[in-house]
Amino acid sequence: MIRLKDFTIGYGKKILLKEINTLFPDSSLTALIGRNGTGKSTLLRAIAGLNPKYSGEILINDRNLKSLSQKELASVLSFVNTQHPRISNLTCNDIISLGRSPFTGWTGRLSEKDSLMIEEALENVGMKSYRNRQINSLSDGEFQRVMIARAIAQDTPVIILDEPTSFLDLPTRFEVVGLLKRLSSEKGKTVIFSTHELDIAVEMADYIALIDDQNLLNLPVKEMISQGHIRRLFEIPGDYINRLLQL
């Protein structure tokens with residue numbers, strides 16, 4: 001569970017979100033949407049512990065984010081960014097193994113359980129045969145899958161993803177978000193992902209969190225659509241909205 005209490009964030013003198021109070025419940029998949037520049041990535045980075053320049057509180061399972069050590073945070077939350085530096089000579093297995101580092105101790109030695117979780121993560125994203133491929137030989141879409149597999153291997157109750165479907169073709173986008181859906185519904189994980197794709201958000205997510213004029217509206221999908229928030233913000237024709245309601 002993630003809770004924002006009186007949360008305000010911005011950069012310089014610009015405020016992106018002001019005095020937000022909302023809850024992202026357990027076992028839920030939330031799609032974060034909004035126009036460009038409204039603060040989607042800024043919000044996700046704050047929740048992931050990468051941007052401490054905010055006021056108010058971020059609570060993860062009722063613990064204040066700022067009270068968690070790096071090791072504690074890594075055991076409860078994993079983050080998939082849009083930009084990933086590619087380091088030569090590392091294999092897919094090497095990258096995914098990093099997801100187990102909060103649990104391996106100072107030796108970094110993988111246990112049988114760690115190896116099984118890495119294997120399962122590779123299988124979940126359809127990259128089992130890529131285990132020994134070097135990451136600098138992968139396409140953008142393949143590399144994105146590896147980074148999602150690393151988050152799965154980390155096995156945290158919270159997973160945050162910043163535009164995880166970037167660089168993927170349409171069928172693969174639905175496959176990836178379908179995987180996130182299963183992680184929330186079957187594994188009980190709290191998953192938040194940002195996206196520009198309304199059709200995927202509406203069809204796959206449980207909740208939509210919409211950033212609009214320093215506010216964050218966080219509602220079940222059908223309620224968000226029926227109240228007209230998406231149509232108003234994105235100036236979408238009524239027939240498209242009606243089609244969304246039928247999904």
Side-chain angles (χ1 to χ4, degrees), residues 1-4 16-17 20-45 47-48 78-82 124-126 140-141 144-145 147-148 151-152 158-247:
M1 178 188 70
I2 301 172
R3 185 187 299 273
L4 305 182
L16 295 171
L17 292 162
I20 302 303
N21 290 280
T22 194
L23 172 71
F24 301 93
D26 293 335
S27 305
S28 65
L29 177 64
T30 300
L32 176 65
I33 65 174
R35 290 185 175 277
N36 289 335
T38 54
K40 296 187 297 296
S41 293
T42 301
L43 172 60
L44 294 184
R45 288 179 63 81
I47 295 174
S78 54
F79 179 60
V80 179
N81 200 358
T82 50
N124 279 334
V125 298
D140 288 335
Q144 187 79 314
R145 288 191 187 207
M147 297 308 294
I148 293 172
I152 294 171
V158 176
I159 302 177
I160 307 295
L161 307 100
D162 194 1
E163 297 193 35
T165 58
S166 297
F167 313 117
L168 304 180
D169 57 30
L170 187 59
T172 307
R173 292 174 192 173
F174 275 93
E175 288 175 10
V176 166
V177 180
L179 170 59
L180 300 179
K181 178 74 170 179
R182 293 194 300 276
L183 290 172
S184 64
S185 62
E186 298 175 10
K187 304 288 187 179
K189 298 183 184 296
T190 303
V191 183
I192 307 173
F193 73 102
S194 61
T195 183
H196 287 95
E197 295 158 303
L198 287 177
D199 53 346
I200 290 178
V202 168
E203 185 169 345
M204 307 295 285
D206 303 307
Y207 295 84
I208 288 180
L210 186 152
I211 297 178
D212 179 20
D213 192 24
Q214 300 182 356
N215 193 21
L216 181 69
L217 300 169
N218 187 10
L219 297 169
V221 172
K222 296 288 187 181
E223 196 172 331
M224 179 69 73
I225 296 172
S226 63
Q227 291 187 13
H229 298 299
I230 292 177
R231 179 177 182 181
R232 171 182 50 78
L233 184 62
F234 295 101
E235 300 177 354
I236 297 173
D239 58 344
Y240 181 75
I241 291 294
N242 290 335
R243 183 153 53 89
L244 289 180
L245 284 169
Q246 294 171 6
L247 290 176

Pairing residues for Leu16 by the side-chain contact (heavy atoms from CB on, under 4.5 Å) criterion, not counting sequence neighbours: Tyr11, Lys14, Thr42

Separation of Asn81 CG from Arg45 CZ (nearest 0.5 Å): 6.0 Å

Minimum heavy-atom distance between Gly188 and Ser27, given as atom pair plus value: CA-OG, 3.2 Å

Please answer whether the main-chain N or O of His196 pairs with a side-chain N or O of Glu163 as donor and acceptor at a distance below 3.5 Å. no

Hey, could you give me the OG1/CG distance between Thr38 and Leu32, rounded to the nearest 0.5 Å? 7.5 Å

Gap separating the OH atom of Tyr207 from the OG1 atom of Thr30, nearest 0.5 angstrom: 7.5 Å

Rounded to the nearest 0.5 Å, what's the gap from CG on Leu216 to CG on Asn21? Could you check? 10.5 Å

Would you be so kind as to tabulate the donor-acceptor pairs closer than 3.5 Å made by side chains of residues 167-181, with sequence neighbours excluded?
| residue | atom | partner | partner atom | Å |
| --- | --- | --- | --- | --- |
| Asp169 | OD1 | Thr172 | N | 3.0 |
| Asp169 | OD1 | Thr172 | OG1 | 2.5 |
| Arg173 | NE | Leu168 | O | 2.7 |
| Arg173 | NE | Glu197 | OE2 | 3.2 |
| Arg173 | NH1 | Glu197 | OE2 | 2.4 |
| Arg173 | NH2 | Leu168 | O | 3.1 |
| Lys181 | NZ | Met204 | O | 3.4 |
| Lys181 | NZ | Asp206 | OD1 | 2.5 |

Is the closest side-chain heavy-atom distance between Ile2 and Ile160 below 4.5 Å? yes

Taking every non-hydrogen atom, the tightest pair across Arg145 and Val125: NH1-O, 2.8 Å

Close side-chain approach of Ile230 to Ile33, heavy-atom, < 4.5 Å: yes

From CG (Leu44) to CD1 (Ile192), nearest 0.5 Å: 7.0 Å

Is a side-chain donor or acceptor of Asn218 paired with a backbone partner of Leu23 at a separation under 3.5 angstrom? yes

Taking all non-hydrogen atoms of both residues into account, name the closest pair between Val221 and Ala205 and its distance. CG2-O, 3.2 Å

What is the distance from atom NE2 of His229 to atom CG of Leu219, rounded to the nearest 0.5 Å? 5.5 Å

